[in-house]
Each structure stands twice: as structure tokens, then as C-alpha cells.
Amino acid sequence: MYALLWRAIPGPGWFKFLVCLVLVFGAIAVCFTEFFPWLSEYMPFNDTTVGA
Amino acid sequence: MTHAQAGHNVPLAQEVFPIAYQRGPSGMGPRNARRPRGSSSPMRPVAWLIGVMGELLVTAGLVLGLFVVWQLWWTDVEGARAQNEIIAEMDWGDPSTGPETATEHDGPPPVMKEPPEDGTLFAQMYIPRFGDDYVKPVAEGTDKATVLDTIGIGHYNGTAMPGDLGNFAVAAHRTTYGKPFNQIAELKNGDAVVVRTKETWYVYKVTESKIVYPQNVEVIAPVPGVTADEPMPELTKRFITLTSCHPMFSATERYIVHGELEYWAPVGEGEPKELTS
């Protein structure tokens with residue numbers, strides 16, 4: 001899977017590595033800003049209120 | 001003609017571990033490594049599938065680890081910053097004008113009306129036990145996404161407002177999201193919990209700390225401890241109740257702190273002595 005990605009990126013090795021770094025950073029950013037806040041709503045360990 | 005067939009005793013690594021070598025340029029083997037033609041065709045898709053599944057599982061593991069980092073660390077960084085910004089933006093002026101300490105008023109305090117909309121900021125909370133500079137914003141409602149995760153302390157809908165007869169009940173995170181009530185278990189009887197609205201200081205003193213189950217809603221009743229099937233006695237006291245999770249990082253139980261109003265003072269005539277000493 002990641003091998004396909006590696007081959008799909010054009011250019012020399014260092015350029016591929018740079019592109020991968022950017023992609024990883026982007027994935028983490030999406031996780032932190034969109035995915036995790038959404039996911040945390042379904043996690044039970046943050047409840048602080050009584051009732052409801 | 002492979003290496004081993006050519007008469008050497010020791011087989012090449014790619015002949016012993018063909019799967020590791022068959023991916024070509026991206027695999028571990030040399031660029032031109034190839035499994036022998038013919039014998040490999042049914043094996044390739046299976047090996048590829050196993051490889052992809054492995055990669056997916058490793059990725060899932062990393063994402064879960066990242067979620068823990070986000071939940072335990074990043075929400076705290078963001079939450080603390082947001083809460084400090086909110087306090088700064090409220091800009092209620094310097095409260096320390098007037099005499100050194102405020103005159104203590106014992107009569108019925110002025111009480112503001114409950115904000116109609118969740119998320120409305122209406123008070124600040126000072127708890128000297130949590131640090132001299134501890135001040136957190138209080139907003140209407142206990143919704144996680146709009147109040148507890150983003151603002152800090154949330155006021156239970158329908159419970160009393162600060163200073164009113166009944167029970168001023170609030171909730172906040174004990175861990176993560178700026179953790180306003182992180183040290184709630186360190187509160188002792190007699191500790192001050194000071195609530196400030198724009199016009200008034202309300203000084204409560206802690207009277208009781210306890211641990212209950214999440215369904216024990218009687219802790220936020222107008223008279224704490226009176227359950228729904230009991231008649232509510234006439235309201236004569238002005239309570240405060242803080243709720244947070246217990247144990248830390250769990251939602252099994254709730255940590256509850258009750259307090260009663262000691263006195264109130266108008267803002268602008270000095271700060272409560274609990275905050276200046």
C-alpha cells in the first residue's frame with residue numbers, strides 16, 4: 001500500500017521523502033482538528049456531569 | 001537458473017524468504033530481485049493482501065496512539081490557552097479598586113437572571129486552593145462541545161444562579177481540555193470558592209466533598225441530597241456544587257464538592273479577603 005504511494009510520487013528519493021513528510025503532517029493535522037474532536041464525543045471517559 | 005542451482009551450497013536470502021524480497025524497489029531486497037516465474041502466481045495476491053493488512057493495522061495503531069496524545073496533551077494545551085483568552089476578553093476591568101478588602105455583606109445578594117442561551121459567559125470562578133492566579137470562565141450549560149470542552153466551567157441549566165437560594169451547580173473537566181477542576185480532590189472544608197459576576201462577588205465556603213455515581217442527580221438539587229421523590233423543603237440556604245469526573249481519566253463516578261454562601265460584596269469596593277491574603 002505505502003509502496004504504491006512511494007512509487008506514485010515522482011522525483012528523486014529525497015523529494016519523495018519530503019512529500020511523504022508533508023503528507024504525514026497533513027494527516028496528523030486532519031486527525032487533530034477534525035477526526036479526534038469528532039471521535040472524542042463518543043468516548044465515555046470525559047463525562048463530568050451528573051444525570052443526562 | 002538460480003544461485004543455488006548453480007552449484008553453491010548456501011542459498012540466497014531471497015530464496016529462503018521470497019515474500020520479503022518480492023516487492024521489488026520498495027521492498028527490502030535488491031531492485032532486480034524476482035521470484036522464479038510460474039511458481040509464484042497464486043502466492044502474490046495473498047502476500048500482497050497480508051502486507052496491506054499489516055500496513056493498515058500498523059497505521060491504526062499509530063492513529064490510536066496519536067489519539068491518546070491529542071486527548072491527554074493537545075486538548076489541554078488548547079483548552080488552557082482558550083480559557084485564558086476568554087478571561088482576558090471578558091475584560092471586566094481591574095477588580096482591585098477601592099479599599100484593600102471588600103466589606104462582607106450578609107443580606108440577600110443581588111442575583112442575575114439565568115442566561116437563556118447555552119454558551120453565554122456570565123461569571124468567573126476563583127479558587128485560591130488551586131493557585132493564587134486561578135481564575136476560570138463560567139458559562140451557561142453543560143454541553144461538552146460548546147461549553148465544557150471549549151470554555152471551561154459549565155452551569156447546569158435550571159439550577160440557581162450565583163448567590164440565589166438553592167444550588168448553584170457547575171461542572172468542569174478534571175483531566176484534559178484545560179482541566180479547570182484538576183485539583184478538585186484537594187479542596188478541604190472551609191476553603192473558599194469565589195464566584196464573580198460582572199457586578200458582584202459571591203464567596204462560598206466548602207462544606208463537604210464526596211464521591212457519587214453519575215445517576216445521583218440529587219447532588220445538584222436545590223437542597224443537595226433531596227431526591228426527586230422527596231418533597232423539596234423551603235429554600236433557606238445558598239449552596240454551590242462542583243461536579244467533575246472520578247477517578248481521573250474515568251467516568252465511573254463523580255467527584256462532588258458542596259459549599260455554602262458565606263457573604264457577598266459588590267465589585268469595585270475591594271476584593272474578597274480570600275483572594276488578597
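In what follows, chains are A, B, ... by sequence order, proteins preceding strands, each numbered from 1.
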**OP:** Please flag which part of B:Y255 lies under 4.5 Å from any non-hydrogen atom of chain A: side chain, backbone, both or neither.
**Re:** neither
**OP:** Using non-hydrogen atoms and a 4.5 Å limit, figure out which bit of B:V170 sits close to chain A: side chain, backbone, both or neither.
**Re:** neither
Original post:
With only heavy atoms counted, which part of B:S250 is less than 4.5 Å from chain A, the side chain, the backbone, both or neither?
Top reply: backbone
**OP:** Name the region of B:L62, side chain, backbone, both or neither, that has any atom closer than 4.5 Å to a heavy atom of chain A.
**Re:** neither
Original post:
If you tally heavy-atom pairs under 4.5 Å against chain B, which of A:F32, A:Y2, A:F35, A:F36 wins?
Top reply: A:F36
Subject >> Partner chain A: residue of B:Q215, B:H246, B:H173 with the largest heavy-atom pair count (under 4.5 Å) >> reply: B:H173
**OP:** Kindly give the heavy-atom pair with the smallest separation between A:F15 and A:P10, and that separation in Å.
**Re:** CD2-O, 3.1 Å
Subject >> Under 4.5 Å from any heavy atom of chain A - which part of B:F249 >> reply: backbone
Original post:
Which one of B:T75, B:L66, B:T59, B:V52 has the most heavy-atom pairs closer than 4.5 Å to chain A?
Top reply: B:L66
**OP:** Pick whichever of B:T243, B:I256, B:N216 has the most heavy-atom pairs under 4.5 Å with chain A.
**Re:** B:T243
Original post:
Is chain A contacted by the side chain of B:A169, its backbone, both, or neither, given a heavy-atom distance below 4.5 Å?
Top reply: neither
Original post:
When the ring planes of B:Y204 and B:F168 are compared, do they come out parallel, tilted or perpendicular, using 30° and 60° as the limits?
Top reply: parallel
**OP:** With a 4.5 angstrom heavy-atom cut-off, could you sort out which part of B:L148 is near chain A: side chain, backbone, both or neither?
**Re:** side chain
Original post:
Is B:K144 salt-bridged to B:D149, going by a charged N under 4.0 Å from an acidic O?
Top reply: no
Original post:
Okay, side chain of B:E230, backbone of B:T227: is any donor-acceptor separation there less than 3.5 Å?
Top reply: yes
**OP:** Can you label the angle between the B:W70 ring and the B:Y177 ring as parallel, tilted or perpendicular, going by 30° and 60°?
**Re:** perpendicular
**OP:** Indicate yes or no for a side-chain donor-acceptor contact from B:R174 to the backbone of B:K179 under 3.5 Å, with no hydrogens or angles considered.
**Re:** no
Subject >> B:H258 vs B:T207, side chain to side chain donor-acceptor pair (under 3.5 Å): CA-CA, chis, key distance, verdict >> reply: CA-CA 6 Å; B:H258 292 306; B:T207 54; over 6 Å; no
Subject >> Shortest non-hydrogen contact between B:V147 and B:E140, atoms and distance >> reply: CG2-O, 3.4 Å
